[in-house]
Amino acid sequence: MTLIKSISGIRGTIGGKVGENLTPVDAVKFASAYGTFLKQNTPKDKLKVVIGRDARISGPMIHNLVQNTLVGLGIDVIDLGLSTTPTVEIAVPLEKADGGIILTASHNPKQWNALKLLNAKGEFLSGKEGELILEIAESESFDFVDVDSLGEVTVNDSYMDIHIDEVLDLPLVDAEAVKMRKFKVVVDGVNSSGGIVIPNLLEQMGVEVVKLYCDPNGHFPHNPEPLKEHLGDICKLVVDENADFGIVVDPDVDRLAFISNDGEMFGEEYTLVACADYVLSKTPGNTVSNMSSSRALRDITNKHNGNYQASAVGEVNVVELMKKTNAIIGGEGNGGIIYPESHYGRDSLVGVALFLTHLANLDMTVAELRASYPQYYMSKNKIELTPQIDVDAILEAMTEKYKNEDIATIDGVKIDFAENWVHLRKSNTEPIIRIYTEAQTQQLADDLANRIIGEIKVVAGI
C-alpha cells in the first residue's frame, strides 16, 4: 500500500494507515492544504473551486470528503460529479473559478485514487506551487471558517455535454465530413466516465458506436493503462465487428489509444503523431512532446517545416515549453493530446475529433495510415524500487558510462544514440524506475532495453 506526495498532487491506495495510504484523513488534509493555498494566494473574499471525479469505486467517498473540506474553508464548490480530467480543466475558466480538483488516479488500478490540482486557468499547478501545498499540508496550518461563512455547493452535471460542444466548435473539427464517411468504431471506456462521453461525442459526429466496457461502475475489466497487453478484447472485437477502428481511453479520459481496423495497436505514441500531422497540414507551426516520446513527432513536424522540441516528462513541463515555443499542438507519447486551440491539457475528446476529421479527409484505412508514418518501435519497462536502491547513484553511473553520447539530464537521463535512444527516470506516480527505449524494429528496442536493465542491475547490485 502506498501514498505518493508530489508537486502534481497526492496519489495513493485506499485503506490502511494514515500517512501511508490515501485514507480519509489524508484526503481531508491535502484538500485543506490546497484550499488554504488558494486563500493565501487569491485576493478575493469568496473563492470558487470546480470538482469532478472519474468512476472509480472510491470516488464518491473521496469526493464528499474533499468537497466538504473546501466548504469548511469557506470556499464555494461547483460539483461536476462524474466527469473527466479535461472536462474539469475546461470548466474552471468557463466558471471563472479560482481552481479545480480532479479526483482520479488516471491509469492506476482501482485500489488507487488521487487529488489532481488545477490553477485558475484550468491547468496543472507549477512545481513551486505544488511544493507550497506540500509544506502547508505538513505544517497543518489550516484555518476553517465559522458557521455563517461556510461555502456553498452548486451541482452542475452538464459539463461533459458542454465539453463535447466545445470540441465540435473547433475550426479543424469537421463533423459533417466525418458523418459522410459512416465510420463504425468500437469504444473501450474501461467502465469509467469515458464510456459515457466518448460514445456521445462519436454519435454527434455521425459515427456508429459499438460499446465495450462503457458502464461507469468503476470495476475496471482489465488493467486501465491502455497498453497492448491489456487490450486483447477490443482488438478482437474491432475485427469481429468489421469496424473502421477502436478507441481506448483511461479512466479519466486524458490518454487515448487507437486500434487499427486489422485489430493491431495503432500505437499510443502515434495518437499524437496522427493528430499533429492533420493539424500541421492545416496550420503549420511548432510541436512539443516529452523526452520519453517517439522521434516520429519530430519527423512529422520537420515534414511540415515546423520546429520540434522535447520537454521533461510531465504535463506541466510540456505545457510550459509549448507556451515558450508557441507550439500549436503537443502532448505526451502515452496518448495525451494537448491542443491549445481548445485548452492546455491532455484531452482524449479533442484527439478523437481531430483523428476522425483527419481520417475522413483521407482515402485509406487506419492500418494504412499507420503504415504511412515513420516506423519506430518502443520498449517500455520498469524496475520496482526498494529502499536499498539509490536511484541517483544509478543515474550518475549510467551518465558516466555513456558520457561520450548525446546525453540530456533535465529529467533523469536520456541517451540519444544515432539510431535509437534510451530514457531512464524515476516515476512521479509509482515507486519504480522507468526504462524507455526506441529503435527501428521491436527487436532492437527490446534488446537495447534488456542491455540497459542488465547494466542497471549490475550498478544497483540487484
Nearest heavy-atom pair of R425 and S292: which atoms, and what distance? CD-OG, 4.3 Å
If I take atom CD1 from residue I57 and atom CG from residue N217, how far apart are they, to the nearest 0.5 angstrom? 7.5 Å
Measure the CG-CD1 distance between D157 and I162 for me, rounded to the nearest 0.5 Å. 9.5 Å
Approximate separation, where rounding is to 0.5 Å, of N113 CG and H63 NE2: 11.5 Å
Inter-residue atom distance Y377.OH - T441.OG1, 0.5 Å rounding: 8.0 Å
Heavy atoms of V350 and S342 approach each other most closely as CG2-OG, 3.7 Å
Donor-acceptor pair, side chain of T87 and main chain of Y159, under 3.5 angstrom: no
Is it the case that E129 and S126 place a side-chain donor and acceptor less than 3.5 Å from each other? yes
Sorted by chain and residue number, the ring pair (Phe, Tyr, Trp, His ring centres under 6.0 Å) partners of H230 (sequence neighbours excluded) come out as none
Is atom CD of E419 surrounded by more than 12 heavy atoms (other residues, nucleotides or ligands) closer than 6.0 Å? no
Evaluate side chain to side chain contact (heavy atoms under 4.5 Å, CB included) for D254 paired with D347, printing each intermediate quantity in order. CA-CA 5 Å; D254 64 354; D347 191 334; over 6 Å; no
Please check if any side-chain donor atom of S311 sits under 3.5 Å from a side-chain acceptor atom of N290, or the reverse. no
Neighbour count above 12 (heavy atom, 6.0 Å) for K457 NZ: no
Establish, yes or no, whether a centroid distance under 6.0 Å links the rings of F258 and F355. yes
With a 4.5 Å heavy-atom cut-off, do P340 and M322 have their side chains touching? yes
Taken to the nearest 0.5 Å, the spacing of L115 CG from I102 CD1 works out to 10.0 Å
So K116 and D252, salt bridge (charged side-chain N to carboxylate O under 4.0 Å, His left out) or not? Walk me through it. CA-CA 11 Å; K116 289 185 175 182; D252 68 325; 3.1 Å; yes
R451/D446 ion pair, N-O < 4.0 Å: no
Over 12 non-hydrogen atoms of neighbours within 6.0 angstrom of NZ in K426: no
Closest non-hydrogen atom pair, L22 against I14: O-CD1, 3.6 Å
Taking all non-hydrogen atoms of both residues into account, name the closest pair between V366 and N261 and its distance. N-OD1, 3.4 Å
With a 3.5 Å distance limit and no angle check, can you tell me whether Q375 reaches the backbone of R370 through a side-chain donor-acceptor pair? yes
Could you check whether any side-chain N or O of N191 sits under 3.5 Å from a backbone N or O of D215, counting only pairs where one atom can act as donor and the other as acceptor? yes
Does K323 count as lying over the ring of Y344, i.e. NZ or CZ under 6.0 Å from the six-ring centre, within 45 degrees of the axis? yes
Could you tell me whether the side chains of D174 and T357 share a donor-acceptor contact shorter than 3.5 Å? no
Only counting residues at least two apart or in another chain, list the ones meeting ring pair (Phe, Tyr, Trp, His ring centres under 6.0 Å) with Y402. F417
For the residue pair W421 and H423, does the interplanar ring angle fall in the parallel (under 30°), tilted (30 to 60°) or perpendicular (over 60°) class? perpendicular
Looking at K128 and E131, is there a salt bridge between them, counting it only when a charged N and a carboxylate O are closer than 4.0 Å? no
Below 4.5 Å, heavy atoms only, C-beta onward: do N108 and P224 meet side chain to side chain? no
Do R181 and V207 have side-chain heavy atoms sitting under 4.5 Å apart? no
Trace of the side-chain hydrogen bond (donor to acceptor under 3.5 Å, both in side chains) decision for N286 with T325: CA-CA 7 Å; N286 301 327; T325 60; 5.2 Å; no
Heavy-atom count check: over 12 atoms from other residues, nucleotides or ligands less than 6.0 Å from K121 NZ? no
Check the side chains of N223 and H107 for a donor-acceptor pair under 3.5 angstrom, ignoring hydrogens and angles. no
Whether over 12 other heavy atoms sit under 6.0 Å from D169 CG: yes
Residues D447 and Q443: side-chain donor-acceptor under 3.5 angstrom: yes
Tell me whether M180 at atom CE has more than 12 heavy atoms from other residues, nucleotides or ligands lying less than 6.0 Å away. no
Has the side chain of R56 got a donor or acceptor atom that lies under 3.5 Å from a matching backbone atom of W112? yes
Taking G335's backbone N and O only, do any of them form a donor-acceptor pair with T271's side chain (distance below 3.5 Å, no angle check)? no
Validation row: L424, R434 side chains within 4.5 angstrom (heavy atoms): no
Using a 4.5 Å cut-off on heavy atoms from C-beta on, say whether the side chain of L3 contacts that of D26. yes
Check for a donor-acceptor pair, side chain of E269 on one end and backbone N or O of S294 on the other, with a separation under 3.5 Å. yes
Tell me, do T437 and K380 make a side-chain contact under 4.5 Å, heavy atoms counted? no
So do E264 and C235 actually touch side chain to side chain, heavy atoms under 4.5 Å? no
No-hydrogen, no-angle side-chain donor-acceptor test under 3.5 Å, D54 and T104: yes
In short, G15 meets N21 closest at the heavy-atom pair O-CB, 2.8 Å
Do the side-chain N and O atoms of N381 and S379 include a donor-acceptor pair separated by under 3.5 angstrom? yes
Y376 and D299 side chains, donor-acceptor separation under 3.5 Å: yes
Got a salt bridge between E208 and K182, using NZ or NE/NH1/NH2 to carboxylate O under 4.0 Å? no
Quiz item: cation-pi between K110 and F220, 6.0 Å / 45°: no
Under the 3.5 angstrom rule, does the side chain of E95 hit a backbone N or O of V50 as a donor-acceptor pair? no
Any donor-acceptor pair under 3.5 Å linking the side chain of N119 with the backbone of G122? yes
Side-chain donor-acceptor pair present, S193, T84, cut-off under 3.5 Å: no
Quick check: does any side chain N or O of Y373 sit under 3.5 Å from a backbone N or O of D277, one acting as donor and the other as acceptor? no
Rounded to the nearest 0.5 Å, how far does NE2 of H343 lie from CD of E341? 12.0 Å
Run the salt bridge (charged side-chain N to carboxylate O under 4.0 Å, His left out) check on E241 and K184 step by step: do they pass? CA-CA 9 Å; E241 289 284 344; K184 182 180 184 181; 3.0 Å; yes
Evaluate the side chain to side chain contact (heavy atoms under 4.5 Å, CB included) criterion for residues V253 and T85: first the C-alpha distance (whole Å), next the side-chain angles of each, then the deciding distance (0.1 Å), finally the verdict. CA-CA 6 Å; V253 201; T85 287; over 6 Å; no
Exercise: identify the closest heavy-atom pair between L444 and A439: CB-CB, 3.7 Å
Does the S293 side chain pair with the main chain of G333, one donor and one acceptor, at a distance under 3.5 Å? yes
Is there a donor-acceptor contact under 3.5 Å linking the side chains of S289 and E332? no
